[in-house]
Amino acid sequence: MRMYDIIQKKRNGGALSEAEIHWVIENYVTGNIPDYQVAALCMAIYFRGMNLEETTALTFAVRDSGERLDFSDIKGLRVDKHSTGGVGDKTSLIVAPIVASFGVKVAKMSGRGLGHTGGTIDKLEAIPGFQTDLPVEKFKEIVNDIGIAIVGQNAELAPADKLLYALRDVTATVDSLPLIVSSIMGKKLAADDDCIVLDVKTGSGSFMKTAEKSRELAEWMVAIGKKAGKRMRALITDMDRPLGFAIGNSLEVVEAIRTLQGKGPQDLTELCVALAAHILELAEKGNYAACEKMVRGAIADGTGLQMLARMVKAQGGNDDWILHPEKFPTAKYSRIVTAQEDGYIVGVDTEGYGVASLLLGAGRNTKEDVIDFAAGIVLKAKTGDFVKAGDPIAVLYSDKESGFDNAETRLRAATRIGKEKPREMPLILDVVQ
Ligand code: URA
């Protein structure tokens, strides 16, 4: 086979065979195909797309590009939850301990922030001492002992995705449906969970900006997961506004703790309840209504929070901070951003909010950047709220003053104020199963 012919075939709108797709991935990982040819193929895929058969072959090729984990020595049903990426999305920190408190096993591998979106691993590292890089045997031991562990992705797992993602990130080919499906599901299938619930984000803060595209993404991921023998479900959820009020690592951990204490923002609480109830239903813990009641109970009686504290302790973190979140340090500097006119917040460009948070130091602009865990944004008004000129719409936090001007400009540009109260949009648009 020749890479040139494969690029040309896709460029001309042809469908690649399973053999061609596996050949590309194997030879890319072993270094036989250079980045520039794979970048050209990604761009051809971006414009020409891939059918479901090609996308399935690409997903399985990514899954098989490295080590596949064996969790068979973890006793009990293993569940995972994965978000396609959003702003202020701290649901894993809430949902995972809640479901673990009902005896399903959460052996979860999570990612770091990508582009304007945050990542669970960066958030967990805001907890002092918390280790996200554990040997697989230790990880499985913790899951067997307490029911839950969340670690960063093992370097051997789906190495093709690591290479492809880095390439897509710099060649404007991230937001391609087949490339997202194969990236997410390739990694998920290389781990060894029985049930996977996906939170497929849609709207201005997600990689898929329209409901139609997000639905297609959800349907394809569910279909491919089922083909691989997994119990699958996907919720399509709104990312046209940030989730909750906090954006930024420590700020989000504290908001997650408040939510597990029953004092969280309504949107975040409702989404977490739904995700956890769907996971428990998929794990056959009862029908949806019963599972929802169980989840609300675990928030009301603090069982979910206790489970988060146990996980933090087992992974070397300071669990005292989980029980006393006021111990998380606040940033050295803050700035209040106020409304310049009276009116309703009619809509926001959520990606702009994510970028503003990056500019404050909450994420990375280059791989080498060190995160300022206390940096980020706390929203004081969200879509649908009425503000008067001079009212605060957000508070920015950072350990460096230099990012404030750009972050404020970005946040203002991303906030639309108008005279008409906008229509209320549902948080959960659909469930695909
Ligand atoms: N998350 C991933 O892991 N990969 C993508 O392509 C998009 C979101």
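Both ligands and their constituent atoms are indexed starting at 1 by order of listing. No experiment lies behind these values; they were computed from the predicted model shown.
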message: To the closest 0.5 Å, what do you measure between CG (D73) and CD (E141)?
response: 11.0 Å
- prompt: If you measure from CG on L411 to CZ on R335, what distance do you get to the nearest 0.5 Å?
  reply: 11.5 Å
- prompt: Is there a donor-acceptor contact under 3.5 Å from the side chain of N51 to the main chain of E54?
  reply: yes
Less than 3.5 Å between some nitrogen or oxygen of [X] and one of ligand 1, yes or no?
X    : value
T84  : no
R168 : yes
K187 : yes

query: Counting each atom of ligand 1 from 1 as listed, which ones have a heavy atom of Y165 under 4.0 Å away?
result: 4 (N), 5 (C), 6 (O)
field: ligand 1 atoms in contact with S183 (distance to a heavy atom under 4.0 Å)
entry: 2 (C), 3 (O), 4 (N), 5 (C), 6 (O)
query: Is the Y288 ring parallel, tilted or perpendicular to the H278 ring (thresholds 30°, 60°)?
result: tilted
- prompt: Can you tell me if D372 and Y397 form a side-chain donor-acceptor pair at under 3.5 Å?
  reply: no
